[in-house]
Number of protein chains: 2
Amino acid sequence: MYTPKLEKDYRNPLEVGLAFLSGKWTTRIICALANEQPLRYKALKARASGVTDAVLAATLKDLTTHGIIQRQQFNEIPLRVEYRLTDKGTAALPMLKSICQWTQQYNDLAGQVRCGCGQDNCQFDLPTAQQHS
Amino acid sequence: MYTPKLEKDYRNPLEVGLAFLSGKWTTRIICALANEQPLRYKALKARASGVTDAVLAATLKDLTTHGIIQRQQFNEIPLRVEYRLTDKGTAALPMLKSICQWTQQYNDLAGQVRCGCGQDNCQFDLPTAQQHS
DNA sequence: CTGTATCCGGGAGGATACTG
DNA sequence: CAGTATCCTCCCGGATACAG
């Protein structure tokens, strides 16, 4: 189990918000859930390609703790767990969108970056610049 | 000098944009410049209280490289350097604002976090929740 | 005054093995 | 199926000393 030693030094809400999104897999999970809900653990792992169980589980727990996603467990055999965005998580989407747009508007990223979540309608999978201009 | 060994794995513009803002002092410098322009090196250091020269210089160079701030050097004795936001940097402010608002709306941060930039009119110094509701 | 060079610690994130 | 336990690597950010 990981427990931080040093205290964070947040000086305004902006930094707190940024900290929520700073995890390597955080936005990828939000992205996946924004396109398809609910998703099971295994489905999330497939969409966040490259993540290991240890890191995925930690990220999901973190997002759940912060109230961005919701965990629903069904005690079946085999075990089934479904994740979906909370209202807070859904409310974050326009914010993420604005970051995405700013980046595209001021950088030449044409064709260089794709979401890779595997969903054709992924709203963060925007390969061409100025798509939203 | 620091040179990264592993390549970053950006999958969409969102992650690229987030990476710009991920430095510990990045938003603090943008915040300070948003309230007062131009600012000299020493003034920036005072406003981003706690930063060391090595880290401040690295952050400024990074922001300059990414076209978010502009560096103007006057070859006087003693040396004078002024920093200000570029158009790209200014365009980032609404985006930062949206992050700030989302955080405040969905978290109880009343009185807990302040910018500390020392400017009375700092637009990121928002101590009470729902200030923008 | 405005930085750079160098060294260093801590922690996020990853690999692997194992479990209810 | 859906995780946890443990160990480990890599690099960001900080301290200090020094330079143009």
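Quick caveat, the model's predicted, so the values are computed rather than measured. Chain naming here is simple, since letters A, B, ... match the order of the sequence lines and numbering starts at 1 in each. Only heavy atoms go into these numbers, but all of them, side chains included; no hydrogens, no water, no symmetry mates.
Backbone-only contact: B/Tyr83 has heavy atoms under 4.0 Å from sugar-phosphate atoms and none from a base.
Of the two residues near DNA chain C, A/Ser22 and A/Leu79, the one whose nearest nucleotide lies more 5' is A/Ser22.
Distance from the side chain of A/Ala57 is smallest for D/dT4 among the nucleotides D/dT4, D/dA2, C/dT2. Comparing C/dT2, D/dA5, D/dG3 by their nearest atom to the side chain of A/Ala54 picks out D/dA5. Closest to the A/Val55 side chain, of the nucleotides C/dT16, D/dG3, C/dG13, is C/dG13.
Spacing between atom CG of B/Asp53 and atom C1' of D/dG13 amounts to 14 Å, rounded to whole angstrom units. Distance CZ (B/Arg71) to C1' (C/dC1): 12 Å, rounded to an integer number of Å. Atom-to-atom, CG of A/Asp62 to P of D/dT4 comes out at 13 Å; the value is rounded to the nearest Å. Summarising the geometry, the separation between NZ on B/Lys45 and C1' on C/dT2 is reported as 10 Å, rounded to the nearest angstrom. Rounded to an integer number of Å, the gap from CG of B/Leu60 to P of C/dT2 is 11 Å.
Within the structure, every side-chain polar atom (N or O) of A/Lys61 is placed at least 4.0 Å from both OP1 and OP2 of D/dG3. Between A/Arg40 and D/dC1, a side-chain N or O to OP1/OP2 separation shorter than 4.0 Å is absent. At D/dC1, one or more side-chain N or O atoms of A/Lys42 fall inside 4.0 Å of OP1 or OP2 (strictly under the cut-off).
Using a 4.5 Å heavy-atom threshold, the side chains of A/Val55 and A/Trp25 count as touching.
Residues B/Tyr41 and B/Asp53 have side chains that bring a donor and an acceptor to within less than 3.5 angstrom of each other.
For the salt bridge (charged side-chain N to carboxylate O under 4.0 Å, His left out) condition, the pairs that include at least one residue of residues 65-76 of chain A, sequence neighbours left out, are A/Glu76-A/Arg80.
Using a 4.0 Å cut-off between charged side-chain N and carboxylate O, A/Arg47 and A/Glu36 make a salt bridge.
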